[in-house]
Amino acid sequence: MSDWPCIRPVGVTGWLVSFGDTLTERANRAALAFRASLEAERWAEVAETSSTLASCFVRFDPVTADADALEARLSALLAARDWYAAAPPEGRRLWQIPCVFGGPRAPQLEEAAVQAGLSPDEAVAMLSTARVRVLTLGFAPGQPYLGTLPEAWDLPRQTGLTPRVPVGALVLAIRQFVLFATSAPTGWRHVGQTAFRGYRPEAEQPFALRPGDEVVFPVVDEATYLDRCDADPSGLGGATSEPLS
């Protein structure tokens, strides 16, 4: 009998509904679908939900909500269908986010290509056409983890830290991208640079990307990148999106 899915307590204010102990495409898809269904239920005792790579976190107020009763409701919802086969959440979008790969803006592209057994040109061709899903948001507000990339990109993190990458940096490790929403240190390799700001506190929707969205990073040259940094007041750096059917 499988250990998944399962429900576990997180402190005294939350339940974690998990669909695996590691990232897989089906576990992530199930976690996203379960969270979307739970959000649609609008249970009064649920204060907040969020998703991880393979789980859905459910927060409640232990003063006003009965933890055991909420666990029972979650168990019933979990048993109601096969979440691994569930359709993706509604309202998802496909994003095209222009990206400079390699060069001074993204200095670790060649190093990553060597580790993947590819030439720099082959690496750019593969990375710029990969269609990846926003698996979760984490580490910083509005910052997406995206995947999964082909097996060639199952690269370990660096043994040391890059002291800082800028907002819009596209970094890579363990078959995933992270698109930096803030300027911060990282142990992932900096392979691309965009003019995209994933966190825009001044916007009506501060987080540009949502879990379940899909993203492609088409190649642009540095001149185009600089032009889009200056010319796009929205902070999206020339990115476009369309609804996913």
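Computation of the quantities below employed the complete heavy-atom set of this structure, encompassing side-chain atoms and omitting hydrogens, waters and symmetry-equivalent molecules.
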Q) Is the ring centre of Phe196 less than 6.0 Å from the ring centre of Trp95? A) yes

(Q) Working to the nearest 0.5 angstrom, can you tell me the gap between Leu109 CG and Asp121 CG? (A) 9.5 Å

Q.
Let me check something: do Val216 and Leu135 share a hydrophobic cluster, defined by ILVMFWY side-chain heavy atoms less than 4.5 Å apart, either directly or through other members?
A. no

(Q) Walk me through whether Thr162 and Gln158 qualify under side-chain hydrogen bond (donor to acceptor under 3.5 Å, both in side chains). (A) CA-CA 9 Å; Thr162 299; Gln158 302 176 100; 3.3 Å; yes

Q) Is it true that atom CD of Gln115 has more than 12 heavy atoms of other residues, nucleotides or ligands lying nearer than 6.0 Å? A) yes

Q | Electrostatic pair Arg73:Glu45 at N-O distance under 4.0 angstrom | A | yes

Q: Could you tell me whether a side-chain N or O of Arg197 sits under 3.5 Å from a main-chain N or O of Gly237, the two making a donor and an acceptor?
A: no

Q: Determine yes or no for a side-chain-to-main-chain donor-acceptor pair under 3.5 angstrom, with Ser51 supplying the side chain and Leu32 the backbone.
A: no

**Q.** Contact list for residues 213-222, test salt bridge (charged side-chain N to carboxylate O under 4.0 Å, His left out), sequence neighbours left out
**A.** Arg92-Glu214, Arg105-Glu222, Arg131-Glu214

**Q.** Ion pair Glu71/Arg8, N-O distance below 4.0 Å
**A.** no

Q | Nearest heavy-atom neighbours spanning Val167 and Gln193 | A | O-NE2, 3.0 Å

**Q.** Backbone N/O of Ala54 and side chain of Asn28: donor-acceptor pair under 3.5 Å
**A.** no

Q) Thinking salt bridges, do Arg93 and Glu242 make one under a 4.0 Å N-O criterion? A) no

Q: Return the minimal non-hydrogen interatomic distance between Ser128 and Val219, and the atom names on each side.
A: CB-CG2, 3.4 Å

Q) Among pairs that include at least one residue of residues 118-142, which meet ring-ring contact (aromatic ring centres under 6.0 Å, His included), considering only residues two or more places apart or in two chains? A) none

Q | Exercise: identify the closest heavy-atom pair between Asp3 and Cys6 | A | O-CB, 3.6 Å

Q: Sort out for me which residue in Leu23, Thr148, Val132 forms a side chain to side chain contact (heavy atoms under 4.5 Å, CB included) with Arg175.
A: Thr148

Q: Using side chain to side chain donor-acceptor pair (under 3.5 Å) as the criterion, list what pairs up with Thr49, not counting sequence neighbours.
A: Arg35, Glu39

**Q.** Where Thr136 and Thr52 come nearest, the two heavy atoms and their spacing
**A.** OG1-CA, 3.5 Å

Q.
Tell me if the centroids of the rings in Tyr145 and Phe177 come within less than 6.0 Å of each other.
A. no

Q. When Ile, Leu, Val, Met, Phe, Trp and Tyr are grouped by side-chain heavy atoms lying under 4.5 Å apart, directly or through other members, which residues fall in the same group as Val17?
A. Trp4, Ile7, Trp15, Phe19, Phe34, Leu38, Trp43, Val46, Val58, Phe60, Leu70, Leu74, Leu77, Leu78, Trp83, Tyr84

Q: State, with a plain yes or no, whether a side-chain heavy atom of Arg164 is found less than 4.5 Å away from one of Ser183.
A: yes

**Q.** Linked, directly or transitively: Trp153 and Leu170 (ILVMFWY side chains, under 4.5 Å)
**A.** yes

Q) Distance-only, no hydrogens or angles: does the Ser37 side chain make a donor-acceptor pair with backbone N or O of Ala33 under 3.5 Å? A) no

Q.
Around atom CD of Glu151, are there more than 12 heavy atoms from other residues, nucleotides or ligands closer than 6.0 Å?
A. no

Q | Check: Ser18 side chain, Gly20 main-chain N or O, donor-acceptor pair, under 3.5 Å | A | no

**Q.** Joint hydrophobic cluster, Trp188 plus Leu127, side-chain heavy atoms closer than 4.5 Å
**A.** no

Q) How close do Ala169 and His190 get, heavy atom to heavy atom, and via which atoms? A) CB-NE2, 3.5 Å

Q. What pairs with Ser119 under side chain to side chain donor-acceptor pair (under 3.5 Å), at least two apart in sequence or on another chain?
A. Glu122

Q: Establish whether Tyr225 and Phe217 are linked, either directly or via other cluster members, by ILVMFWY side-chain heavy-atom contacts under 4.5 Å.
A: no

**Q.** Check: Val220 main-chain N/O paired with Thr224 side-chain donor or acceptor under 3.5 Å
**A.** no

Q) Can you check whether Ala181's main-chain N or O pairs, donor with acceptor, with Gln143's side chain at less than 3.5 Å? A) yes

Q) Just wondering, are more than 12 heavy atoms of other shown residues or ligands nearer than 6.0 Å to CD in Glu204? A) no

Q: Start with the C-alpha gap between Arg189 and Arg157, add the side-chain angles, then the distance that decides, and say whether side-chain contact (heavy atoms from CB on, under 4.5 Å) holds.
A: CA-CA 7 Å; Arg189 288 173 177 81; Arg157 298 172 180 86; 6.0 Å; no

Q) So which heavy atom on Val100 is nearest to which on Ala106, and how close? A) O-CB, 4.1 Å

Q | Under 3.5 Å donor-acceptor, Thr194 side chain and Gly168 backbone | A | yes

Q | Counterpart residues, ring-ring contact (aromatic ring centres under 6.0 Å, His included), relative to Phe57 (two or more places apart) | A | none

(Q) When you group the ILVMFWY residues by side-chain heavy-atom contacts below 4.5 Å and let the links chain together, are Ile97 and Met126 in the same group? (A) yes

Q: Mind checking the CG-CD spacing from Leu94 to Gln96? Nearest 0.5 Å is all I need.
A: 5.5 Å

**Q.** Val178: which of Val165, Leu172, Thr186, Val171 passes side chain to side chain contact (heavy atoms under 4.5 Å, CB included)
**A.** Val171

